[in-house]
2 protein chains.
Amino acid sequence: MGSTARQSPWRKAEERERERGAKREAVLHAAVQFFNERGFHATSLDDVATSLNVTKPTIYHYFANKDEILFECVRLGLESIRQAAETVESRGGSGLERLTALMRDYAVIMTKDFGMCVTRTADHELSIEGRAKFRALKREIDLIVRRVVEVGMADGSIGHGNARMMTFTLTGALNWIARWYDPDGSGTPEEVADACVATLVNGLAPRASRKKKA
Amino acid sequence: MGSTARQSPWRKAEERERERGAKREAVLHAAVQFFNERGFHATSLDDVATSLNVTKPTIYHYFANKDEILFECVRLGLESIRQAAETVESRGGSGLERLTALMRDYAVIMTKDFGMCVTRTADHELSIEGRAKFRALKREIDLIVRRVVEVGMADGSIGHGNARMMTFTLTGALNWIARWYDPDGSGTPEEVADACVATLVNGLAPRASRKKKA
DNA sequence: ACATCTGTATACTGACAAGTATAGGACTTA
DNA sequence: TAAGTCCTATACTTGTCAGTATACAGATGT
């Protein structure tokens, strides 16, 4: 190694493209941290550019506009969740077991930059088209989770109820992690995830003996 | 009635003050709806003014600046929650019973304009001073809820665990209601609240028989 | 009648930040 | 070494609002 003998221009082009991708990613990483900390509107692209030792036009060389940057951040977060959800859905175990695993992965993602961004970004911050795609992706995830809940209700591992409402309640608790989790605070992402999931799975009563409300 | 005989200027001043208060409230009500729908930054005070058939300087006659308006909206929401929490805390019943009642009231508030505003407003949208008060109020509420959780753990009506994390998980699910509840959709605030609370209290398993994790 | 206070409008300033026009340096390929 | 392409910077335009200076109308109190 070290010789880097190159004959074909192909390899070169590929390499250049890879570098371009790396720079795009760097922008996204810098941007998402600003967005999470200060919010989308309060973050200027000059800030982002400066933090990367470049200027604004450079960023515009990689992205069409500010909205695209936000959307990509959100999309990355949502894709992580969807992937985790899909993986878990199609694996073995009872509905409850699958749902528990899904929630745990979901919770961990919520402690990461791009996951946080999903929760912290409101619909109206995205462009019209971005908003539609955002909603579609969220809905897709919601349906996967709901399906797992329904599997659990069918196989008896999860109590009966309104699956839609139950899904919203569970994912709500998980989404909210992104609003209070502090990486510098106590608890690793995994510990936090386990604690949350345990509360959601077990409910509040100490062990058995729940009456009230059929 | 109808004669409106007035002799003392006292009554007059008082009345004027009441009217001033009513107008302030009207501004807050108009503003909070814009904030919830479009977000704080995307709402211009011209929008708010126009919707009230006045102009911007009129609004500045009642509020020092835009930040104050947002803060008042958030404060109203947080005060509702705190009041509900305090009322419930100091009443009878087991910890679990009290917590259940608290969560129900909390959930209902989250479906209302000012409650929604609390969840939809991020720290960084408030002024520095507003942010501090915001956090203080939220912390106060958090501590009340946590105390009720601990009462429940002590009296045996709630299973043992990390009260802090449990509180975050529960209130997270409730807070998130403000992000998905649709007043025009199916389900009254009370129905939604009951469903969420039921999920949180009961957990997922169908009835008894929970093992795993002490 | 006169001085004042309250509420409102018209018309402006000032700041900030998104996005762009333009140029030039560096690398690629021939 | 020349043509073309990619990447980046300087310096600008532009739109949008928050916030304000000023004026005026009507009610209040003397």
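Just so it is clear, the model here is predicted, and its values are computed rather than measured.
Salt-bridge check for Asp142(A) with Lys138(A): failed, with every basic side-chain N at 4.0 Å or more from each acidic carboxylate O.
Formation of a donor-acceptor pair under 3.5 Å by the Arg131(A) side chain with backbone atoms of Leu126(A) is found in this model. A distance-only check finds no donor-acceptor pair linking the side chain of Asp47(B) to the backbone of Thr43(B) [under 3.5 Å].
Within a heavy-atom distance below 4.0 Å of DNA chain C, the residues of residues 21-31 of chain B found are Lys23(B).
Phosphate proximity of dG7(C) to Arg20(B): present, with a side-chain N or O under 4.0 Å from OP1 or OP2.
Relative orientation of the His41(A) and His41(B) rings is parallel, given thresholds of 30° and 60° on the angle between their planes.
Between Arg179(B) and Met116(B), every side-chain heavy-atom pair lies at or beyond the 4.5 Å cut-off. For the pair Thr55(B)/Thr58(B), a side-chain contact is recorded, criterion being any heavy-atom separation below 4.5 Å from C-beta on.
No engagement by Phe63(B) is indicated, since no non-hydrogen atom pair under 4.0 Å with the nucleic acid exists.
For Lys66(B) and Phe71(B), the positive end is not near the middle of the six-membered ring at less than 6.0 Å and at most 45° from its axis.
Between Ile69(A) atom CD1 and dA17(C) atom P there is a gap of 15 Å when expressed in whole angstrom units. Whole-Å rounding puts the His61(A) NE2 to dT20(C) C1' distance at 14 Å. In this entry the distance linking CG of Asn53(B) with P of dG7(C) reads 18 Å, nearest Å. Remark: P of dA18(C) and OH of Tyr62(A) are 19 Å apart, rounded to the nearest angstrom.
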- Test side-chain hydrogen bond (donor to acceptor under 3.5 Å, both in side chains) on Asn65(B) and Tyr60(B) and set out the steps. CA-CA 7 Å; Asn65(B) 50 45; Tyr60(B) 278 91; over 6 Å; no

Restricting to nitrogen or oxygen on both sides, can you table the protein-nucleotides 15-19 of chain D pairs closer than 3.5 Å?
residue, atom, partner, partner atom, Å
dA18(D), OP1, Thr43(B), O, 3.2
dA18(D), OP1, Lys66(B), NZ, 2.8
dA18(D), OP2, Leu45(B), N, 3.0
dA18(D), N7, Lys56(B), NZ, 2.8
dG19(D), OP2, Tyr60(B), OH, 2.8
dG19(D), OP2, Lys66(B), N, 3.0
dG19(D), O5', Tyr60(B), OH, 3.4
dG19(D), N7, Lys56(B), NZ, 2.9
dG19(D), O6, Lys56(B), NZ, 3.1

